J.: 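Quick one: structure below, then a few questions.
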Amino acid sequence: MSGPDILFTLRNNFYLGAYQAAIAEAADLERLSESDAVERDCFVYRSYIELGSFEPVLNEVSQQSASALKAVRLLAEYQGKKIDKDTILSTIQDWAQEPSYKNNATVLLVVGLIYAAEDNYVEALRACHTGISLELRALAVQLYLKIDRIQQADEQVKAMSATDDDSTLTQLATAWVNLYLGGAKVEEAFFIFQELGDKYSWTVSGNCTLR
């Protein structure tokens, strides 16, 4: 029997766009396993990136850091325009050949996000299609909606529901699809947002998204 998910609140705050709350939550998370500590730090640094603060990531993550953290650093370098784009794209192409990178959910997520920002949806979806995390599937939902592939987006949502129907990411992805469909589905989407807001004492909106 698995224990409690000690990173649940941290992840949830990030998914709902409550980045400052995510950073504050992480400050109280100590005595973690090595893998949990890396995941905690990834969400903290990603929160700083979303807030437009790139220096904490660039100053604290080095080439000796875990693969996931180095990927988050690359995302900061990309979004903060700290190094040229060709170098970044070359780096993620090289990662595709390295087992320690191509099987890492955070690395694949960063690759997908960068390719998506470059409007290279084929490569972005390729990164998502391992389906090894709900975040990757949620990104795939966004990408499919971006290119008007509603059937494929809906298939990803169903796969997410089969994995964890109650997950905040699954609920958000369901709402994104409903917003895309329009009509009566818009009301269903906002009901989901309202329910999440009531459940987690946060005001959520259609902008709550994976980044």
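In what follows, every heavy atom counts, from backbone to side chain, and hydrogens, waters and symmetry copies are set aside. FYI, the numbering just counts along the sequence from 1. Just so it is clear, the structure is predicted and the values come from calculations on it, not from any experiment.
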J.: Do K70 and Y101 pass the side-chain hydrogen bond (donor to acceptor under 3.5 Å, both in side chains) test, and can you show the C-alpha distance, the side-chain angles, and the key distance before you say yes or no?
T.: CA-CA 10 Å; K70 286 190 283 188; Y101 286 92; 3.2 Å; yes

J.: Output every pair passing side chain to side chain donor-acceptor pair (under 3.5 Å) with a member in residues 103-112, not counting sequence neighbours, ordered by first then second residue.
T.: none

J.: Between the main-chain N or O of T87 and the side-chain N or O of T91, is there a donor-acceptor pair closer than 3.5 Å?
T.: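 Between the backbone of T87 and the side chain of T91 there is a qualifying donor-acceptor contact (under 3.5 Å).
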
J.: Where is the tightest heavy-atom contact between S167 and L134, given as atom of each residue plus distance?
T.: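 So the minimum-distance heavy-atom pair works out to OG-CD1, 3.5 Å.
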
J.: Please check: side-chain N/O of S161 versus main-chain N/O of V157, any donor-acceptor pairing under 3.5 Å?
T.: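 Judged by distance alone, yes, a pair lies under 3.5 Å.
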
J.: Give a yes or no on whether the backbone of T9 and the side-chain of N13 come within a donor-acceptor separation of less than 3.5 Å.
T.: yes

J.: Is any side-chain heavy atom of I114 closer than 4.5 Å to a side-chain heavy atom of V111?
T.: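 When only atoms from C-beta onward are counted, V111 and I114 do not touch, as no gap falls below 4.5 Å.
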
J.: Is R46 paired with E50 through a side-chain N to carboxylate O contact shorter than 4.0 Å?
T.: no

J.: Taking side chain as C-beta onward, heavy atoms only, is M160 less than 4.5 Å from V141?
T.: yes

J.: For the residue pair R73 and V61, what are the closest heavy atoms and their distance?
T.: NH1-O, 2.8 Å

J.: For residues 21-31, which residue pairs qualify under side chain to side chain donor-acceptor pair (under 3.5 Å), counting only residues two or more places apart or in two chains?
T.: none

J.: For R137, give me all partners under salt bridge (Lys or Arg N to Asp or Glu O under 4.0 Å), at least two apart in sequence or on another chain.
T.: none

J.: Any chain of hydrophobic side-chain contacts (each under 4.5 Å) joining F191 to L179?
T.: no

J.: Under a 4.5 Å cut-off applied to non-hydrogen side-chain atoms, are R40 and L32 in contact?
T.: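 They are in side-chain contact.
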
J.: Please examine the side chains of L69 and V57, heavy atoms only from C-beta on, and report whether any two atoms are closer than 4.5 Å.
T.: no

J.: Got a salt bridge between E55 and K82, using NZ or NE/NH1/NH2 to carboxylate O under 4.0 Å?
T.: yes

J.: Counting distance only, does the side-chain N/O of S65 pair as donor-acceptor with the main-chain N or O of S62 below 3.5 Å?
T.: yes

J.: Does the ring centre of Y121 sit less than 6.0 Å away from the ring centre of Y115?
T.: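 No, too far apart.
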
J.: Quick check: do Q156 and Q152 have side-chain heavy atoms less than 4.5 Å from each other?
T.: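 Answer no - side chains too far apart.
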
J.: Between K158 and D154 (salt bridge meaning N to carboxylate O under 4.0 Å), is one present in this structure?
T.: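 Yes.
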
J.: Excluding sequence neighbours, so at least two apart, what forms salt bridge (Lys or Arg N to Asp or Glu O under 4.0 Å) with K85?
T.: E118

J.: Sub-3.5 Å donor-acceptor pair from the side chain of S47 to the main-chain atoms of F43, do we have one?
T.: yes

J.: Does S53 reach the main-chain N or O of I49 with its side chain, forming a donor-acceptor pair under 3.5 Å?
T.: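 No; judged by distance alone, with no hydrogens or angles, the pair does not exist.
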
J.: Does R11 have any salt bridge (Lys or Arg N to Asp or Glu O under 4.0 Å) partners at least two apart in sequence or in another chain, and if so, which?
T.: D5, E39

J.: Which residue pairs satisfy the ring pair (Phe, Tyr, Trp, His ring centres under 6.0 Å) criterion with at least one member in residues 48-89, sequence neighbours excluded?
T.: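 As it turns out, there is no ring pair (Phe, Tyr, Trp, His ring centres under 6.0 Å) pair with a partner in residues 48-89 once direct neighbours are skipped.
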
